[in-house]
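These notes are about the structure you will find just below.
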Amino acid sequence: MKPVTRLRAGDAVAVSTVGLRARRLRAALSALGIAIAIAALVAVLGVAESSKADLLHQLGEQGNLLTVASGKTFNGEATPLPATAPAMIRRIPPVRSITTVGAVDDVTVRRSAAVPAQQTGGITVLAAQPSLVDVLGVPLARGAFLPHPAFPETVLGDATARILGIGVLDAQTQVYLGGTYFTVVGILAPAPIAPEIDTAALIGFDVADDLFHLGGVASRVYLRVDPDQVADVASVLAFTAAPQDPRSVEVRRPSDVLIARIAAKGAFVGLFLGLGGIALLVAGVGIANIMVISVLERRAEIGLRRALGARRRDVAAQFLLESALLACAGGVLGVGLGCLATVVAAHLGGTPVAIPPVAPLAGLAAALAVGALAGGYPAVRAARLPPADALRTL
């Protein structure tokens with residue numbers, strides 16, 4: 001009678017690692033495919049979560065910001081904001097702070113007078129009050145914000161500074177603004193909630209009145225309100241700013257842009273996860289191919305084990321466990337690489353590191369599942385191999 005043996009769990013693991021240790025380079029390359037796919041999945045989730053955390057932080061800070069801007073007629077011409085609008089808005093009880101900007105039309109900003117007037121770079125000129133940075137909550141990247149509003153000084157938005165090629169400020173840093181050289185005294189940090197500030201050169205209302213005859217007219221009002229009263233204030237702003245024609249002004253909540261960005265990022269996450277899933281499937285096919293080759297190469301070993309009393313289930317368990325261990329090794333490496341990529345991306349983007357706990361766990365589970373599926377067919381093929389046929393290869 002052929003002896004029957006039982007394979008203990010510890011022995012099964014030891015036997016399953018023999019093939020991996022004997023063919024280390026091939027095993028490493030197979031695990032690398034799984035690692036790359038898992039790293040991509042973890043990195044996508046981690047980077048998306050970090051970006052979302054940053055947007056939610058901004059949303060919490062900017063949720064009570066509202067703007068009132070001059071509207072447009074049917075012909076596309078701008079309708080002026082009533083001169084009494086800022087004072088009337090300030091009287092609304094829940095309003096905490098307010099600031100205004102005025103559009104200075106037909107004025108270009110160039111690096112020097114030698115630059116053709118047609119090369120404006122899309123830069124606009126806005127007259128601003130010193131309280132703008134406090135109300136908007138946009139910090140200065142360099143310099144100061146309009147310390148002398150009556151002097152020919154300007155503060156550049158983040159995009160404006162990049163367009164003009166200005167990164168360092170000194171006493172000689174100037175731009176040619178409306179036929180006069182203005183000293184650049186500051187550069188703002190990016191303002192995602194106020195893109196019109198990013199692409200503008202800001203000057204004081206006093207110098208705008210003296211040089212460009214603005215007349216102190218505001219084109220946009222920014223206001224902070226009590227967080228619990230945002231909707232109520234927004235509903236009365238148009239009637240307060242322009243009681244004669246409320247439709248002539250536009251009331252907006254800049255934080256809606258952040259909400260749209262959060263939704264857009266969620267859509268892209270699904271797309272990238274799908275691509276990562278395809279990469280994981282390809283890596284699984286690679287493992288299955290390697291395991292089939294391993295079965296063919298180790299037919300003598302399989303026949304000898306069967307002849308010594310190993311059951312079919314023991315042989316199947318050996319190759320299935322070998323495939324799972326190979327995929328698990330790749331999964332652990334991939335989770336580590338994905339977390340590292342998330343930390344680096346968050347550091348470079350200036351966002352907080354936020355890796356959802358489900359990402360590493362899901363990555364390991366996906367690797368194990370792919371390993372088990374990839375090893376299923378080779379394990380069954382090895383278990384069904386007749387011992388006599390296998391021993392003929394000795």
Side-chain angles (χ1 to χ4, degrees), residues 55-74 77-105 124-140 145-146 149 155 157 188-200 202-206 208-209 214-262:
L55 290 174
L56 289 175
H57 176 71
Q58 295 182 37
L59 184 61
E61 291 184 341
Q62 309 297 346
N64 66 333
L65 178 66
L66 295 172
T67 66
V68 180
S70 56
K72 294 183 179 180
T73 63
F74 290 106
E77 298 179 358
T79 58
L81 198 66
T84 59
M88 296 295 292
I89 293 173
R90 199 183 303 272
R91 294 180 181 180
I92 302 176
V95 174
R96 293 181 175 180
S97 57
I98 184 175
T99 190
T100 62
V101 296
V104 183
D105 298 326
T124 59
V125 178
L126 295 176
Q129 295 178 330
S131 58
L132 180 69
V133 290
D134 294 329
V135 175
L136 283 182
V138 179
L140 279 159
F145 189 81
L146 300 178
V155 174
L188 290 174
I193 60 166
E196 65 277 0
I197 301 297
D198 266 347
T199 57
L202 306 172
I203 63 177
F205 267 97
D206 293 339
D209 293 340
L214 181 63
V217 178
S219 60
R220 187 181 296 267
V221 179
Y222 300 95
L223 61 146
R224 294 279 183 179
V225 302
D226 291 335
D228 297 334
Q229 304 291 327
V230 175
D232 295 335
V233 174
S235 64
V236 301
L237 269 180
F239 298 93
T240 304
Q244 301 297 329
D245 187 9
R247 293 176 296 178
S248 64
V249 298
E250 296 180 356
V251 177
R252 294 180 181 177
R253 187 175 179 179
S255 60
D256 291 342
V257 177
L258 300 178
I259 296 175
R261 289 183 180 179
I262 293 175

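The analysis underlying the following values was restricted to heavy atoms, covering all of them including side chains, and did not include hydrogens, waters or symmetry mates. All values derive from a computational prediction rather than experimental measurement.
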Short question: side chain of [X], backbone of [Y] - any donor-acceptor pair under 3.5 Å?
{"X": "Asp198", "Y": "Gly157", "answer": "no"}
{"X": "Ser219", "Y": "Ala103", "answer": "yes"}
{"X": "Asp209", "Y": "Gly215", "answer": "yes"}

To the nearest 0.5 Å, how far apart are [atom1] in [X] and [atom2] in [Y]?
{"X": "Ile98", "Y": "Arg90", "atom1": "CD1", "atom2": "CZ", "result": "5.0 Å"}
{"X": "Leu188", "Y": "Phe145", "atom1": "CG", "atom2": "CZ", "result": "6.0 Å"}
{"X": "Thr84", "Y": "Ile89", "atom1": "OG1", "atom2": "CD1", "result": "9.0 Å"}

Show the atom names and distances, to 0.1 Å, of all donor-acceptor pairs under 3.5 Å that link a side chain in residues 125-140 to residues at least two apart or in another chain.
| residue | atom | partner | partner atom | Å |
| --- | --- | --- | --- | --- |
| Gln129 | OE1 | Thr99 | OG1 | 3.3 |
| Gln129 | OE1 | Thr100 | N | 3.2 |
| Gln129 | NE2 | Thr100 | OG1 | 3.4 |
| Ser131 | OG | Thr99 | OG1 | 3.0 |

What are the two closest non-hydrogen atoms of [X] and [Y], and how far apart are they?
{"X": "Ala242", "Y": "Pro82", "answer": "CB-CG, 3.9 Å"}
{"X": "Ala218", "Y": "Leu81", "answer": "O-CB, 3.3 Å"}
{"X": "Leu66", "Y": "Ala234", "answer": "CD1-N, 4.0 Å"}

Exercise. For side-chain contact (heavy atoms from CB on, under 4.5 Å), just list the numbers for Leu146 and Phe205, CA-CA rounded to whole Å, side-chain angles, deciding distance to a tenth of an Å, and then say yes or no.
Key: CA-CA 10 Å; Leu146 300 178; Phe205 267 97; over 6 Å; no
Quick check: do [X] and [Y] have side-chain heavy atoms less than 4.5 Å from each other?
{"X": "Leu223", "Y": "Val233", "result": "yes"}
{"X": "Val68", "Y": "Tyr222", "result": "no"}
{"X": "Val251", "Y": "Thr67", "result": "no"}
{"X": "Asp226", "Y": "Arg96", "result": "yes"}
{"X": "Leu237", "Y": "Ile92", "result": "yes"}

